[in-house]
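Structure first, commentary second.
Just so you know, residue 1 is the first one in the sequence shown, and it goes up from there.
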Amino acid sequence: MAKLVDLTKQAQNSDTAAISIILERFEPKIKASLQQTPIQEQADLYQELKIKLIEMVREFDFNKTYNFTEFKQKQSEFKH
């Protein structure tokens, strides 16, 4: 099973198969989120959530993420 990080990098290089796998992996979460929405709005929201997920994958910047040590430092700075 490919890691989400690897799939994201592949998707950013226009790999449509990687995008499909990411969508499949998030399908249960998307469907669970729809349960909180009126039934007449679920189909539209389902499409919007999938579009937003694709946008987020394509725009994700690996250079702006923190490793665990940096994350921990940022958390302690935030608490003070």
Side-chain angles (χ1 to χ4, degrees):
M1 179 184 271
K3 293 182 180 180
L4 188 56
V5 170
D6 296 330
L7 290 168
T8 300
K9 289 178 181 177
Q10 293 168 3
Q12 288 178 344
N13 288 317
S14 301
D15 185 337
T16 56
I19 293 171
S20 293
I21 293 169
I22 292 169
L23 289 170
E24 286 173 19
R25 287 197 185 169
F26 280 90
E27 184 79 11
K29 179 64 177 163
I30 291 171
K31 286 188 175 183
S33 297
L34 293 174
Q35 298 306 312
Q36 303 171 25
T37 306
I39 195 139
Q40 64 272 19
E41 296 176 20
Q42 287 183 5
D44 288 338
L45 184 57
Y46 176 77
Q47 293 300 321
E48 290 295 324
L49 289 171
K50 288 174 67 172
I51 291 167
K52 187 64 175 172
L53 178 58
I54 293 168
E55 288 173 355
M56 290 173 63
V57 166
R58 289 188 174 155
E59 295 171 6
F60 185 79
D61 186 351
F62 287 94
N63 296 319
K64 290 185 179 180
T65 59
Y66 304 116
N67 65 32
F68 183 74
T69 305
E70 293 168 330
F71 176 74
K72 192 173 174 183
Q73 177 65 34
K74 292 287 183 189
Q75 290 298 320
S76 66
E77 290 172 7
F78 181 70
K79 290 179 183 177
H80 296 290

Margin query: Please check: side-chain N/O of N13 versus main-chain N/O of D15, any donor-acceptor pairing under 3.5 Å?
Written below: no
Check: Does one hydrophobic cluster hold both M56 and F26, with members joined at side-chain heavy-atom distances below 4.5 Å?
Finding: no
Note to self: For A11 versus A18, what's the shortest heavy-atom pair and its separation?
What the structure shows: N-CB, 3.8 Å
Notebook entry, point to check: In Å, rounded to the nearest 0.5 Å, how long is the span from CD1 of I30 to CG of L23?
Noted result: 6.5 Å
Notebook entry, point to check: Within a strict 4.5 Å, meaning less than it, do heavy atoms of the K3 and T8 side chains meet?
Noted result: no
Item checked: Close side-chain approach of F62 and K9, heavy atoms under 4.5 Å -> yes
Next item on the list: Check whether the side chains of Y46 and E27 place a donor and an acceptor atom closer than 3.5 Å, and report yes or no.
Entry: yes
Margin query: Using the rule given for side chain to side chain contact (heavy atoms under 4.5 Å, CB included), can you reason through L49 versus K29, listing the C-alpha separation, both sets of side-chain angles and the distance that settles it, and then say yes or no?
Written below: CA-CA 10 Å; L49 289 171; K29 179 64 177 163; over 6 Å; no
Checklist line | Test applied, side-chain contact (heavy atoms from CB on, under 4.5 Å); reference residue, I21; option that passes from L4, T16, L7 | finding: L7
Next item on the list: Check the hydrophobic clustering (I, L, V, M, F, W, Y; side-chain heavy atoms under 4.5 Å; chains of links allowed) and say if I54 and V57 are grouped together.
Entry: yes
Notebook entry, point to check: Can you tell me if Q42 uses its side chain to pair, donor with acceptor, with the backbone of L34 under 3.5 Å?
Noted result: yes
Checklist line | Donor-acceptor pair, side chain of Q12 and main chain of E59, under 3.5 angstrom | finding: no
